[in-house]
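Have a look at the structure below before the remarks.
A quick note: this is a predicted structure, and the numbers were derived from the prediction, not measured. Throughout, protein chains are lettered first and strands after them, A, B, ... in sequence-line order, and every chain is numbered starting at 1.
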2 protein chains.
Amino acid sequence: MNWRIREQGFDKDRIAANGNKFMIGNGYMGYRGTMEEFTREELTATTLAGLYDRVDGKWREPVNAPNGLFTVAEYEGTPLGVLSSDAEVLEHEQELDIRQAVHRRVTVFGIPGRAEERRVTVNAERFASAERLNLLAAKISITSSADGELVIRTGIDGEVWDINGPHLEGLAGRQAEGSLLLSGTTQELKVPVAVAEAASYEFDAEAVIEDTATPGLMARELRVPCRAGETYTIYKYVAVFTGLDGAGDPGEAALRLSREAAVLGYEALLREHAAKWEEKWSRADVVIEGDEEAQLALRYSLYQLLIIAPEHSEKLSIPARGLSGQVYKGAVFWDTEMFMLPFFLYSQPEAARNLMMYRVHTLDGARRKAAEYGYEGAFYAWESQESGDDACTLFNVNDVFTGRPMRTYFRDKQVHISADVAYGIWQYYSFTGDGSLLLNGGAETVWECARFFYTYAYFNPGKQRYEILDVTGPDEYHERVNNNAFTNALVKRSLYVALEAMDFLRTNDPQQYEALVKGSAIQPEHIRDLHDRLYVPQPDAETKLIEQFDRYFALEDVPLPELKSRVLNKNEYWGGGNGLATTTQILKQADVVLMLHLFQNQYDRETKKANWEFYEPRTEHGSSLSSCIYALVAADIGSSEWAYPYFLRTATIDLTGDSKQYVGDLYIGGTHPAANGGAWMAAVLGFAGISFDGKTASIKPSMPQKWQAVELSLILRGQSFKVRVMPTGVAVEAGAGNGETVAFKIGTRDIQVAPGETARVDL
Amino acid sequence: MNWRIREQGFDKDRIAANGNKFMIGNGYMGYRGTMEEFTREELTATTLAGLYDRVDGKWREPVNAPNGLFTVAEYEGTPLGVLSSDAEVLEHEQELDIRQAVHRRVTVFGIPGRAEERRVTVNAERFASAERLNLLAAKISITSSADGELVIRTGIDGEVWDINGPHLEGLAGRQAEGSLLLSGTTQELKVPVAVAEAASYEFDAEAVIEDTATPGLMARELRVPCRAGETYTIYKYVAVFTGLDGAGDPGEAALRLSREAAVLGYEALLREHAAKWEEKWSRADVVIEGDEEAQLALRYSLYQLLIIAPEHSEKLSIPARGLSGQVYKGAVFWDTEMFMLPFFLYSQPEAARNLMMYRVHTLDGARRKAAEYGYEGAFYAWESQESGDDACTLFNVNDVFTGRPMRTYFRDKQVHISADVAYGIWQYYSFTGDGSLLLNGGAETVWECARFFYTYAYFNPGKQRYEILDVTGPDEYHERVNNNAFTNALVKRSLYVALEAMDFLRTNDPQQYEALVKGSAIQPEHIRDLHDRLYVPQPDAETKLIEQFDRYFALEDVPLPELKSRVLNKNEYWGGGNGLATTTQILKQADVVLMLHLFQNQYDRETKKANWEFYEPRTEHGSSLSSCIYALVAADIGSSEWAYPYFLRTATIDLTGDSKQYVGDLYIGGTHPAANGGAWMAAVLGFAGISFDGKTASIKPSMPQKWQAVELSLILRGQSFKVRVMPTGVAVEAGAGNGETVAFKIGTRDIQVAPGETARVDL
């Protein structure tokens, strides 16, 4: 069955890539796929969601907790580690069981120095509990082929990998009732962070707790006289708490949880964890029949989303690199609304709600940003952390030719972010019918975004229309353009959303409505006027092409390979002030084509095809967000053979590790949740052809030839469905417990699917 | 008397600089201050006004005519040239008599190879006739200290200095009635260019005309058995004609003029030339009493303006490098209206009229440019040649770090040029009261500029005002800014001008008025609305500072020396995409301060002083247009001691040759007519404190301490005045032939000066 990711053999050049590929997590924290014996040098990290810190004026980034899984062993004085120069790595396998979200490694070490062959096998397994989010659990077993002394040192390593750290000050260790505790506080906001570890084992050993040997290390040393063929197993129960958890003193909470976990025992914890994952998959899994490669890649993509989804908190969203480390400042971008939200909307609406509530909770930050630039309303952060203030700097790429920081306009000009947020909130409301989001700040949020656009927009007196000027669209290689088609279309949509949301509020919470409009110079009729007279670039009558922005067609039309031949430094940035692409038609990622996906019902096939064919050869795909959109629109126009390679590139991005690692001289490695979400979008919205407008679910498959069926669960307006999509027909099974009939349009047929009913439509 | 510019000794590193410094000209052509024996290698050039050519897709540039003054000599086989490695330069002097506009050189050569000392003295004199604009005349005398054979080769050298040449094809020579003729046609527009030369001498010589010896050279060789102490003199009469002159076949016209000139003879030609210059100076001279250095520098500046003023044609204006070569494409910039026009307005209104009529004649080019960018009306060329189409490229600086052309926004975003043109036209009308300019296209021009701005401007709905977005102001280091104070103020002024001009037209030529407004969606009331609600950044209530553009104050406030310390390559461009200054408050040249000068009556002294003090230390003066403005505003606020060094820097720019020679890796050397005009502005408008609003001439001196008096002539609304300005008082003498009384405000006193009257006011 297609649930396991495996790599055989050890390759030290893959350490960073495999740290991403084999990571585990549970939304509270991510734990990179490193070996037990690894330290900060190998980018070991326990990345905490939503906890940020700033040191010495460098940029803010997420905090990595001390590594409670740290374990090194020696056999007869020979260190057992894949990087050890003494032991020989005879066999090595790293595995991720994505069904249960368990990481395993097996390494067989050859011990030199004697005539007879001596082998020591290390087996380790770990998971980040889906049931107890503060808990990591591990099981480490060691077997040797000959008698000898085994020394195991295991505990909590406080020397963690940081980009701009160290973040924890006053790091101090202690022990209590057999558990170890290492805790400190963040430097900027003084948030305490504590990691406790309880270990259990059932063999005889001489144990010494050493808390001073290495600074920042709180560990115990076990000396085990081990016998040939016998297996020595240690269980580790690692609890991580911070001052943000609301669980009292983090140290005490961690100690308590580590002990409780030890009492429950590893196998019981694994069972409850696995049960939770079974439930997750029952809602999230997408079965592809006839394509094993696509199946595994897609499931792996979903796994990546599931381990970072903030199911437990509406104050968290998903950063652009998930919980795989500190890259991109652990910041939340538009990626969440545009590339991840759809998966959650269809399969886990509660998680989708949390993602959007995160925007409600960060509204004040967006207001501060708008005010900073002289606008009203809410200008959402391009890089959003816990407060919603923008973590994005004005100089976030270095010029490789001069070494100087380069002024870029990500922060100031990607105004579509506020429209993305409004779009996401309305998507949530449409999909779920859950007005509580609107009442609890959602309507206020979209209203504030609309007010922002009213002050950002300009009226062109000569052309008698509103325009959106001086923006950067998804194609970041072209900064500061006017009337970016994507941006204008999305802004127009967000204005519509604001008017609808305000109508909803007037009906359902008139008091809140009054409070919002009172005293504002900008009233709904102003937003209506802006909406009605806002210019959105339209397809040319003849060519059907939509110009990406004003005068884009006047740029140099250079073939991508020729532009590549002009590159002088492989890390040079193609955008910014003087970037190679800026004066050409080459784009970083889908821009017009993304608009054609988002507003697919507003454009005919001919328009979509013409634009796909025009923009595709001009797209560098310098962003991992690009390929899935080309896949989606290709599927939409019935060209699944064009779509398939783009789908596969997206779905395998974190498996192959073949993504851009640098922009200028900035490291940007890590996982790609947006691409993971994009893989789901391509498979489900693209190939299976599913869409939902809040009233009718439409299914219009456009599958790759070898796909025999796609099967998945959907939740639409709170109603559950199992859907099986085949080239020849579609079956929709409504949950027996559904409370409503939902309309489906399958191919060209309109049907109603009542609770408990199964509808089958041939195509 | 302060009328001579001299340099002693020969320094080959000064060849290029002295080519500018010692140039002669007459508005029809410029002739660089090179030696008679120099060729293209030493940048010898006869630059023709208003004739442009393009070769091989390189940029268009002015055409240099063949060099009719070419003369080399040998004495006893030893070449007599300052660069000759055989003859020794014992004495050398180069002189420019700016009163008569005559260039002279004397060189004494030592001839080696014999026991006795042998010296040969070459004396040469030349002028570009102010009476006969197609004529250059020269007198070359040679005297040796010992008998010997002198070989003189003199004629027309067709191998001319070009940046993007050669421009003349089919270059062919012939002789007719003793004159030599060399002619060819331009490559692009096939305009014939002909140079004829007649030579006369009164000594015996064996003469051979050789037209094939050197390609492109049409010359005669004279072998002169010369005797010690005797002087051998040759006179050269060089006529230059092109197909643009409307004088029939240029070759025939040139031959004819060369012969006529020979018949008249050198001394007679010089007399009529000198008489013409006496007349010029009688109107243009500014006498400074008490400061010899300033006197000479200012006169030299006026000389530079007088030799390039297009007195003879309303289809010519003055290029940014005058007629000193092909730099800056021989293009006309805003410099003319803003920095040169004032001198002509006060002293030669007919020349001022020509300058403005040039804009009328190039209106169609400006219309084409507006249409190219999707605007209506007239968007004047940033770099204007004969048709008014923009010669400015989108990539006019090379990046020194990558060698790549750099996208700059001179062409697209310096929209103030259209406002500058409108401002200039209105200045002419106000100064002269001559409505013919308005009736003959001037009103149409300013109306078209206003229509352009109406389509360029945007209305800000949040702030309920019009704004001018995405422009580059005079400070070109900050491209694409919003609401540049200078630009907005000047646009507002140009809208006022358009409304006034249209009123004038409605009264004086209703038919033309109707034709202009008929069928235009943009009517005067739209321009009125734009004018009334256009935002112009105002002084802060507390600090009195005017922000140069939106968010300028948010830029890095780095001291200029610190910014200089960041320079990695001395030729790196500070503006453009990633330039050093772009993210800082450092500016290239006066911007807000220029606005304070142009609209000096709208701002109080406190505001001018606060802004001068703020912007002055932040100004790099990367343009030769900068210093004079700081001088002007310093004088305006009564700080002539601040002003003086800026005045002197401006007035001496072409004397010292200490100006920027490169931008990126582009050579930009040549003369600086804008600075020449700026020197006049600083002295007359600044120190003498003269201004004229079309009704009242105001005189409010603010003189440097050592200046005892400034004396000059003025022509205001066609009336002549002689003005003497002293710290203690002012005398105004109205011409006896004046037809009107003109109002003066001297200090705080208002007086009327009737024809023939002299008014004296103590201060």
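Nearest heavy-atom pair across A:Glu479 and B:Arg480 is O-NH1, 4.2 Å. Summarising the geometry of A:Pro461 relative to B:Tyr458, their closest heavy-atom pair is CD-CA, 4.1 Å, with the distance given to 0.1 Å.
Not one N or O on the side chain of A:Arg566 forms a donor-acceptor pair closer than 3.5 Å with the backbone of B:Arg404.
With a 4.5 Å cut-off on non-hydrogen atoms, A:Tyr373 touches chain B through its backbone and its side chain both. Neither the backbone nor the side chain of B:Asp550 comes within contact range of chain A; no heavy atom of the residue lies under 4.5 Å from a heavy atom of that chain. For A:Glu467, the part lying under 4.5 angstrom from a heavy atom of chain B is the side chain only. Using a 4.5 Å cut-off between heavy atoms, B:Tyr466 touches chain A through its side chain atoms alone. Heavy-atom distances place both the backbone and the side chain of A:Glu372 under 4.5 Å from chain B. Using a 4.5 Å cut-off between heavy atoms, B:Ile522 does not touch chain A at all. Looking at A:Asn569, neither its backbone nor its side chain comes within 4.5 Å of chain B, counting heavy atoms on both sides.
The CG atom of B:Asn460 sits 11.5 Å away from the OH atom of A:Tyr456 when rounded to the nearest 0.5 Å. Separation of atoms CE (A:Met406) and OG1 (B:Thr582) is listed at 11.0 Å; rounding is to 0.5 Å.
Atom CD of B:Glu542 has 12 or fewer heavy atoms from other residues, nucleotides or ligands within 6.0 Å. Residue B:Lys58 places its NZ atom among more than 12 non-hydrogen atoms of other residues, nucleotides or ligands, all under 6.0 Å distant. Within a 6.0 Å sphere centred on CZ of B:Arg528, other residues, nucleotides and ligands contribute 12 heavy atoms or fewer.
Using a 4.5 Å heavy-atom threshold, the side chains of B:Asp470 and A:Leu469 count as separate. Side-chain contact between B:Thr583 and A:Phe395 is present, with heavy atoms from C-beta onward closer than 4.5 Å.
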